[in-house]
Peer 1: 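Okay, here's the structure, questions in a sec.
In this text, all values refer to a predicted model and were calculated from it rather than measured experimentally. Side chains included, hydrogens not; waters and symmetry mates left out as well; all remaining heavy atoms used.
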Amino acid sequence: MADSRHEPRSYDPAFSRVAHPFPRHSPGSYGSRPGSYESRPGSYDSRLYDAELAEPRAVADDEWTTEAYRASQAYQQTARRRRPSEEQSGPRPIPHRPSRGRRVRKESSPKNSPRSSPSPPAAIERAPLDALEEDKPQRVYRLSRRKSSPPGVFPRSPSPPPPSRATSPGSSPDPHPYQAAGQSASRTSRNRPGSSQSHRSPSPPLSPSSDDEDEVSSRAEHQRRKRRLQRAAVKKAEKSHVSTTPDDDNNNKHATSRSLPTESTRPRFTRSPSPRPTLAGESSTASVLGEGRYQHRPLGESCIRLIRILPERKTMIRCEILQVSLEDPPRYVAISYAWGDLGDTRKIDLEGSLVPISASLHGALSAIREKKEPVLVWADALSVDQQNLAERAQQVQLMTKIYASADSVAIWLGPEEDNSSDAVDLLNAITDPIISTRRAWKILSSEMGARGVPALVRLFEREYWHRLWVVQEILNARSITVYCGQTKSPWEAYRLTSNVISQFSADFERRFPEISTNMVTWHDTLVHQGPSSIPSLRALRGSEGELLHHVLRQCRERLASDPRDKLFGILGILPPEIRADFRADYTLSTKEVYTEIVDYIIKTTESLNIICDAHHPGYPTAAHSLPTFVPDWSNVAPSSSPLLNFGSFKAAGTTKARCRFLSERLHKLEMSAIFLDTVQTRGVAFGVRTSKWELTMAFLQWRAKVIEFVMDAKPERRRRMLQDFANTISVGRLPKEDGLAVCCHVFGQLAQQGMPCLQLDRELMGYLHADVDLTPHHTVEEFVDSYFGASMAGRAFFITERGLVGLGINTLMTKDIVVVPLGCSTPVILRPEGSLGEYRFVSEAYVESFMDGLAVDLWKQGDADLKKYVLH
C-alpha cells in the first residue's frame with residue numbers, strides 16, 4: 001500500500017489542471033468560484049457531493065446516508081479512470097498533504113505496479129450546530145484532513161489508514177468512518193446491497209448524465225430530509241448523552257458510546273461537570289472566586305453582600321452570601337481587619353465551593369462565628385468583587401454607610417501571639433470602672449504590669465494600626481469590639497489605657513525606658529500609636545480643600561495596597577461635598593488621581609501650600625511619573641517633616657495664589673513668585689532617622705560653613721549670621737536672644753561626651769559652661785531631640801549668594817534658586833531644567849527673616865522682582 005502522505009494527486013491532461021476530489025477552500029464555496037468542480041466538464045456530479053455537505057445532521061447507529069456512500073464510490077471510480085499512465089507526460093504530480101499528526105503504514109510496491117488510488121474521504125466532521133441557518137443552505141461538513149477543528153466541535157480522532165484499491169478475497173472493505181458533532185463515537189460503514197466481500201471492480205463514474213442522476217432528489221428535498229433526520233438524531237443524542245460530576249473526572253477521563261474497530265480511531269471527549277447554581281457559567285457578566293469558581297452575582301443599586309456564617313458544627317467554616325439593600329438592612333457586623341499576607345490562605349465552604357481567603361480574614365470569621373446561631377457579617381474581600389473595578393468603585397462610595405449602618409464593628413487584631421493574652425488582661429484590669437486612675441498606675445507598676453506592658457507594646461505595634469482603611473471604619477462605627485485570638489475587649493479599654501499612660505508619662509518612662517524595634521520608646525508607642533493613632537476630625541474647620549489637605553497629611557504614613565486608595569480610602573470621613581467631587585474610579589491612573597488632588601486644593605483654597613508636600617528625594621521624581629510639584633501620597637516615609645508642622649508661617653503674607661495649568665493633562669503649572677536668591681553653599685545632609693551624634697556632627701560642619709562665609713565680615717555681621725544659623729536649624733523655635741547660646745551649649749556638651757578627642761574652638765568652649773535654661777527637659781539629649789531632631793533630619797543647611805541662611809531638603813544643590821510663591825506659606829527651592837526655561841520643584845525651605853511676609857513687603861516697595869515660573 002502506498003503511503004498516503006506521499007500520494008500524488010491525479011493529473012488530468014484533458015483539462016490541464018490538477019484533479020483533486022476535495023479542493024482546499026472554505027465550505028460554501030463549491031461551484032461558486034471559477035474552476036470549481038461543478039464547472040469542470042466531465043467531472044463527477046458535484047450535486048451529489050454538495051448535497052451531502054449542505055446540511056449537518058446527527059447520524060444514527062443503524063443508518064447510512066445513501067448519497068454520501070454513492071458520492072464516495074463515484075469519487076473512487078472517477079479517480080481510477082482519470083489515472084494517467086506511466087508513459088504520459090505532463091506536469092509533475094503534486095503530492096497530497098496529510099493531516100498533522102497522522103501516521104499511515106507505509107508499504108513498498110513494485111516499481112511498475114499501478115499507482116494506488118487516492119484515499120476516500122476520511123472522517124468527515126460536522127461543524128457546530130449553531131452554524132445552521134434555516135433559510136440559507138451552508139456546507140458545514142469539515143474534512144478531517146484540515147489542520148484543526150472549528151471551535152465547538154469535539155477533538156478529531158486520528159483517521160484509519162486509507163483502504164487499498166484491491167483487497168484479498170473474503171476480506172471486508174475498509175470502513176468509511178465519519179463523525180458528527182454531539183455524537184460520542186465514530187460510525188463504521190456497512191456493506192451495501194450489491195457490494196461484494198471480494199475485490200470490488202470499478203464502476204462507471206458519476207456524471208450529470210449518468211443513471212444515478214434520477215435517483216438523487218433535488219437539493220431542496222435533500223435539505224428538508226436532512227433537517228428532519230438531524231432533529232430526530234439530536235434528540236436521540238441528548239437522551240443518550242452522559243454527563244459526570246467533577247468528582248468523577250479523575251476516574252473517568254474519557255467516554256465512548258461503543259467499541260470501535262481500532263483504538264486509534266476512537267473519538268474522545270471530556271465529560272462536562274454538573275451545573276450548580278453558584279458556579280461559573282451562571283452569568284456572563286460576573287466573575288469567579290476561588291478553586292470552586294464561586295461566581296459573584298451582580299449587585300443592584302444601593303445593595304451590598306452580607307456573609308452568613310453558619311453555626312460551628314465542623315472545623316471548616318461554612319458561609320452563604322445574600323444581597324440586601326442598605327435602605328433597610330438586617331442586623332450585621334462589619335469586620336475591620338488587615339489583609340496580611342495574601343499568599344497565606346485558608347479555605348472556607350462558600351455555598352458548596354471551596355474558596356481560599358487570607359489567613360487574617362479566616363481568623364476573623366472564626367472569632368466571630370457562634371456555636372448555635374448564624375451571624376451576618378460584611379467583609380470586603382468576600383462582599384466585594386475585587387476583580388470588578390466598577391463594583392469596587394461603587395462599594396467604596398457606600399463605605400461610610402456600610403459601617404455606619406452596621407450594628408457593630410468587629411476589629412480583628414490577629415491571632416494570639418507575643419503574650420497578647422497578658423496584654424488583654426492588663427487592659428481589662430486598668431479600665432475597670434471601679435478602679436481609680438491612681439490605682440491603675442499601681443497596676444501598671446506591679447508584676448502584672450511587668451508582664452503585660454511588653455505584650456501591650458507589641459499589640460499596639462501590630463499591622464492593623466498602620467492600615468489606611470481602618471480610619472474610616474472606626475470613625476463611622478456605632479460600637480466597636482476588639483478581637484485578638486480567643487479574647488475580646490471593648491474599644492474603650494484600649495483608649496483609656498493610652499490616656500492613663502499619658503497622665504503618668506514621666507513615671508512610666510522611668511519605669512519602662514526601653515525602646516521598641518521600630519526605634520520608638522515604649523511610652524511613645526503606647527501614647528501615640530495603637531488606638532491613639534486614629535486621627536480625630538471633630539475639630540477640623542476650613543474649606544473643602546483645607547480639610548482634604550489636612551486629612552491627607554494625617555493619613556500619609558498609613559498603608560494601602562493600592563496607591564489610589566490614599567484618596568479613596570479617606571473619602572468616607574470627609575464631608576459629602578468633597579465625596580461628591582471625587583468619585584472612586586479605579587480606571588484612573590495614580591498620576592491622574594494625585595494630580596486631580598492638587599488641582600482641587602489649589603482651586604478651593606487659592607493657596608500653593610499643597611506643593612510643599614511634594615518631597616521627591618532624588619531621581620526619578622516619583623514611582624508614578626508624577627510632575628515634580630505633585631505630592632506622592634503613596635510615599636509613607638517622606639524625606640523630612642513638613643515645615644508647617646513646626647509653626648504657622650506666612651511667607652507670602654495674605655496674598656492669593658496666581659497660577660494656572662498649561663494643559664488639560666495638568667502636568668505643567670505656571671506660578672508667580674518673588675525671587676530671593678541663588679544657593680551658593682550647602683552643608684552635609686543626613687537621612688530622616690538620625691542619632692544625636694549625627695546631629696552633633698551636622699551642627700559642627702554647618703557652623704564651620706557659616707564661619708567660613710563671614711570670615712572677612714565685621715563682628716556684628718558675623719554674630720548676626722551665627723544667630724540666624726541657630727534660629728534656622730531649630731526652624732525659629734528658640735528665643736532669638738538666647739538661641740545661639742542654647743544651641744552652642746547643648747551641642748558642645750554632646751561633642752565633649754561623644755567625641756572627647758575632638759578639639760573645639762575657643763568660642764564654642766565658652767558656651768559649655770553658660771547658664772542656659774533647658775526647662776521642661778531634664779537632659780541635653782532630650783532637649784536636642786525635641787528642638788533639633790525633627791527639623792534637621794532629612795534636611796541640608798544652605799547659604800545663598802547674598803548671605804541668606806536656610807534649610808532645605810537633603811537633595812538640594814548649588815545653583816538652585818529660592819523663591820516665595822504668592823499664596824504659599826513658606827519659600828520654595830526650584831532647579832532650572834531643560835532648554836524651555838522650566839523648573840523642577842525641589843522642596844519647601846526655611847529662610848530666616850523671610851517666614852513672615854518680608855518678601856511681599858519688598859516686592860510691594862519695588863525692591864524684589866515678581867516672576868513667572870513653569871514647573872514640570
Peer 1: Can you tell me if Q386 uses its side chain to pair, donor with acceptor, with the backbone of D380 under 3.5 Å?
Peer 2: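 Yes, Q386 side chain to D380 backbone: donor-acceptor pair under 3.5 Å.
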Peer 1: Does a donor on one side chain and an acceptor on the other come within less than 3.5 Å for D418 and S420?
Peer 2: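 There is no such pair (donor and acceptor under 3.5 Å, judged by atom type) between the side chains of D418 and S420.
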Peer 1: Just so I know, are the side chains of I357 and L365 near enough to count as touching, which here means a heavy-atom distance under 4.5 Å?
Peer 2: yes
Peer 1: Look only at the side chain of S405 and the backbone of I402, and say whether a donor-acceptor pair between them is shorter than 3.5 Å.
Peer 2: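 A pair under 3.5 Å: no.
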Peer 1: Taking side chain as C-beta onward, heavy atoms only, is L871 less than 4.5 Å from M671?
Peer 2: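 Yes, side chains in contact.
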Peer 1: Determine whether the side chains of S516 and E461 contain a donor N or O and an acceptor N or O closer than 3.5 Å.
Peer 2: yes
Peer 1: Have Y464 and S336 got a donor and an acceptor in their side chains that come within less than 3.5 Å?
Peer 2: yes
Peer 1: Around atom CZ of R658, are there more than 12 heavy atoms from other residues, nucleotides or ligands closer than 6.0 Å?
Peer 2: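 No, not enclosed.
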Peer 1: When rounded to the nearest 0.5 angstrom, what distance separates NE2 in H528 from CD1 in I501?
Peer 2: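 Separation between the atoms: 11.0 Å.
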Peer 1: Let's go through S607 and I602 carefully: what are the C-alpha distance in whole Å and the side-chain angles of both, what is the deciding distance for side-chain contact (heavy atoms from CB on, under 4.5 Å) to 0.1 Å, and is it a yes or a no?
Peer 2: CA-CA 5 Å; S607 170; I602 290 178; over 6 Å; no
Peer 1: If you compare all heavy atoms of I480 against all heavy atoms of I474, which two are closest, and at what distance to 0.1 Å?
Peer 2: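 Taking I480 first and I474 second, the nearest heavy atoms are CD1-CG2, 3.6 Å.
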Peer 1: Answer yes or no: is there a side-chain heavy-atom contact under 4.5 Å between Y403 and V409?
Peer 2: yes
Peer 1: Is a donor from one side chain sitting under 3.5 angstrom from an acceptor on the other, for D562 and Y586?
Peer 2: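 There is no such pair between these side chains.
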Peer 1: Applying side-chain contact (heavy atoms from CB on, under 4.5 Å) between I309 and each of R318, R369, E320, report the one that passes.
Peer 2: R369
Peer 1: Determine whether R305 and L299 make a side-chain contact, defined as any pair of heavy atoms from C-beta on separated by less than 4.5 Å.
Peer 2: yes
Peer 1: For I601, which of T605, D599, V598 qualifies under side-chain contact (heavy atoms from CB on, under 4.5 Å)?
Peer 2: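 When T605, D599, V598 are each tested with I601, the side-chain contact (heavy atoms from CB on, under 4.5 Å) holds only for T605.
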Peer 1: Which of these, I317, D344, T345, sits in a side-chain contact (heavy atoms from CB on, under 4.5 Å) with H362?
Peer 2: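 Checked I317, D344, T345 against H362; only one passes side-chain contact (heavy atoms from CB on, under 4.5 Å): I317.
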Peer 1: Treating R564 as the side-chain partner and L588 as the backbone partner, does any N or O pair qualify as donor plus acceptor under 3.5 Å?
Peer 2: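 Yes, the answer is positive, given that a donor and an acceptor are paired below the 3.5 Å cut-off.
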Peer 1: Verify the neighbour count for atom CD of Q486: are there more than 12 heavy atoms of other residues, nucleotides or ligands below 6.0 Å?
Peer 2: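 Counting other residues, nucleotides and ligands, CD of Q486 stays at 12 neighbours or fewer.
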Peer 1: Hey, does L459 have a side-chain heavy atom less than 4.5 Å from the side chain of C484?
Peer 2: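 The answer is yes; the side chains approach within 4.5 Å.
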Peer 1: Side chains of R558 and S533: do they bring a donor and an acceptor to under 3.5 Å?
Peer 2: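 Yes, because at least one side-chain N or O of R558 sits under 3.5 Å from a partner of the opposite role on S533.
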Peer 1: Just checking, is any N or O donor in the side chain of S663 or H667 under 3.5 Å from an acceptor N or O on the other one?
Peer 2: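 Yes, H667 and S663 have a side-chain donor paired with an acceptor closer than 3.5 Å.
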Peer 1: For atom CZ of R439, decide whether the heavy atoms of other residues, nucleotides or ligands shown that lie under 6.0 angstrom number more than 12.
Peer 2: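 For R439, atom CZ is not crowded (no more than 12 foreign heavy atoms under 6.0 Å).
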Peer 1: Do L354 and M316 come within less than 4.5 Å of each other through their side chains, counting heavy atoms only?
Peer 2: yes
Peer 1: Do D524 side-chain atoms and V520 backbone N/O form a donor-acceptor pair below 3.5 Å?
Peer 2: no
Peer 1: Does Q395 use its side chain to pair, donor to acceptor, with the backbone of C303 at less than 3.5 Å?
Peer 2: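 Between the backbone of C303 and the side chain of Q395 there is a qualifying donor-acceptor contact (under 3.5 Å).
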Peer 1: Keeping K372 on the side-chain end and P311 on the backbone end, is there a donor-acceptor pair under 3.5 Å?
Peer 2: no
Peer 1: Given the rule in the salt bridge (charged side-chain N to carboxylate O under 4.0 Å, His left out) test, do E327 and K401 qualify, once you have shown the distances and angles that lead to the verdict?
Peer 2: CA-CA 10 Å; E327 302 301 329; K401 197 171 183 179; 3.5 Å; yes
Peer 1: Under a 3.5 Å threshold, yes or no: a donor from one side chain and an acceptor from the other, between D613 and W633?
Peer 2: no
Peer 1: Report yes if the distance between the aromatic ring centroids of F582 and F568 is under 6.0 Å, otherwise no.
Peer 2: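 Here the rings of F568 and F582 have centres that are no less than 6.0 Å from each other.
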Peer 1: Classify the angle between the aromatic ring planes of F629 and F661 as parallel (below 30°), tilted (30 to 60°) or perpendicular (above 60°).
Peer 2: tilted
